[in-house]
Amino acid sequence: AAPLLEAVGLRKSFGPTPALAGASVSVRPGEIIALMGPSGSGKSTLLHCLAGILVPDAGVVRYRGTEISALSETRRSALRRSEFGFVFQFGQLVPELSCLENVALPSRLGGMDRRAAERRAREWLDRLEVADLAGKRPGEISGGQGQRVAMARALVTGPRVVFADEPTGALDSLNGEHVMRSLVAAAAETGAAVVLVTHEPRVAAYSDREVVVRDGRTRDLSAEGGATGGA
Ligand code: ADP
Ligand code: ADP
């Protein structure tokens, strides 16, 4: 299948040492990709370039054939809102809003009326098994519950790609696995692709494919060692 999203030969520097020094990755529709590698190797920078948050110094990012790395910030921002969902390590829910209002927010920002937005938000809270938290504020729930609410919020607009940067980084391993299982199930249900950054092998095990990032360069494990192809 043609890639949904691809990065080719990305370079990006913030200082003398490049954060990305020739990174390439391709994501097919519905595929779950894990970007693995040591701290500081460039994983988040690669994710931010793929998501159109950062523009690379060189190389291209294409989404459904459009070179998004050449679009203006306004166009990239519109694309992010309509096509992508985001889950980060923590601190992403609006503390003053209830969980229901947090999950309804992207639909409201997209112009949906309150009643319809809250109905969809409830459906997603239910799918992520946190429907009972609808009326609570983020400060009143656990880290794992917060990540489920954040995932509901990332998925509520029906994104084709969900970007998850260390989504389990603040959770213990049992909660982390539960949250990953929910994310994978929800993505499968909607057909969303997932680009995951993690340094935990147990989290990466939920992906279809692992891409190792080291010193700003990528290495696709499944493309090596001969035994590829087939299913
Ligand atoms: P990882 O996600 O693998 O930990 P990052 O992509 O966050 O790696 O960082 C790669 C390198 O780029 C690091 O040396 C980091 O300090 C640097 N870096 C990333 N973002 C910025 C930024 N906004 N400003 C300056 N340096 C940055
Ligand atoms: P991660 O653990 O996912 O690599 P970090 O905590 O390193 O994330 O970075 C968090 C944010 O700060 C990111 O948006 C990253 O681009 C930015 N950042 C990382 N390193 C630096 C740096 N040296 N200077 C400025 N910003 C940075």
Side-chain angles (χ1 to χ4, degrees), residues 3 5-27 31-63 67-77 79-80 84-92 143 146-147 150-151 154 159 161-173 175-177 179-180 183-184 187 192-224:
L5 176 65
E6 67 179 336
V8 183
L10 299 191
R11 294 174 182 278
K12 181 77 182 177
S13 296
F14 300 99
T17 309
L20 294 178
S24 299
V25 61
S26 131
V27 184
E31 193 176 24
I32 301 178
I33 302 266
L35 304 178
M36 301 274 298
S39 182
S41 59
K43 304 182 295 297
S44 293
T45 303
L46 177 54
L47 180 141
H48 292 154
C49 288
L50 282 167
I53 295 170
L54 277 178
V55 173
D57 300 332
V60 295
V61 179
R62 278 189 216 94
Y63 174 71
E67 191 178 330
I68 65 169
S69 43
L71 299 178
S72 67
E73 166 56 26
T74 309
R75 303 239 350 245
R76 282 184 284 114
S77 163
L79 181 88
R80 289 196 299 269
F84 299 159
F86 294 90
V87 182
F88 297 107
Q89 189 168 340
F90 38 48
Q92 49 199 321
Q147 286 306 73
M151 282 173 186
V161 187
V162 175
F163 293 93
D165 196 346
E166 299 277 6
T168 63
L171 307 179
D172 64 47
S173 66
N175 264 309
E177 294 213 24
V179 163
M180 278 310 298
L183 175 62
V184 167
V194 178
V195 178
L196 173 71
V197 163
T198 184
H199 53 253
E200 297 174 71
R202 286 172 66 163
V203 171
Y206 286 89
S207 70
D208 299 318
R209 196 150 59 86
E210 296 178 16
V211 173
V212 174
V213 185
R214 196 174 286 271
D215 298 331
R217 292 186 181 83
T218 42
R219 201 156 60 86
D220 187 340
L221 286 185
S222 59
E224 296 184 357

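Counting starts at 1 for both ligands and their atoms, following the listed order. These numbers come from a predicted model, not from an experiment.
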statement: Output for pair (L196 CG, I33 CD1), nearest 0.5 Å, gives 10.0 Å
query: Using the ring of each side chain (for Trp, its six-membered ring), is F86 parallel, tilted or perpendicular to F84, with breaks at 30° and 60°?
result: perpendicular
message: Within ligand 1, which atoms have a heavy atom of S41 less than 4.0 Å away?
response: 1 (P), 3 (O), 8 (O)
field: Per-atom contacts, ligand 1 versus A19 - under 4.0 Å to a heavy atom
entry: 10 (C), 11 (C), 12 (O)
message: Does ligand 1 come near enough to G40 that some N or O of the ligand is less than 3.5 Å from an N or O of the residue?
response: yes
field: Min heavy-atom dist G216 to ligand 1 below 4.0 Å
entry: no
- prompt: Just which atoms of ligand 1 are under 4.0 Å from any heavy atom in K43?
  reply: 1 (P), 2 (O), 3 (O), 4 (O), 6 (O), 8 (O)
query: Looking only at N/O atoms, are G42 and ligand 1 under 3.5 Å apart anywhere?
result: yes
- prompt: Hey, which of L46, D165, T45 is the one that makes side-chain contact (heavy atoms from CB on, under 4.5 Å) with V197?
  reply: D165
message: Between R76 and G52 (side chain of the first, backbone of the second, donor and acceptor by atom type, cut-off under 3.5 Å), is there such a pair?
response: yes
- request: Mark up the atoms of ligand 1 that fall under 4.0 Å of a heavy atom belonging to T45, in ascending order.
  value: 5 (P), 6 (O), 9 (O), 19 (C)
query: Measuring from M151:CE to L183:CG, what's the distance to the nearest 0.5 Å?
result: 4.5 Å
query: Which atoms of ligand 1 sit under 4.0 Å from any heavy atom of P38?
result: 3 (O)
- request: Check for a donor-acceptor pair, side chain of T198 on one end and backbone N or O of A204 on the other, with a separation under 3.5 Å.
  value: no
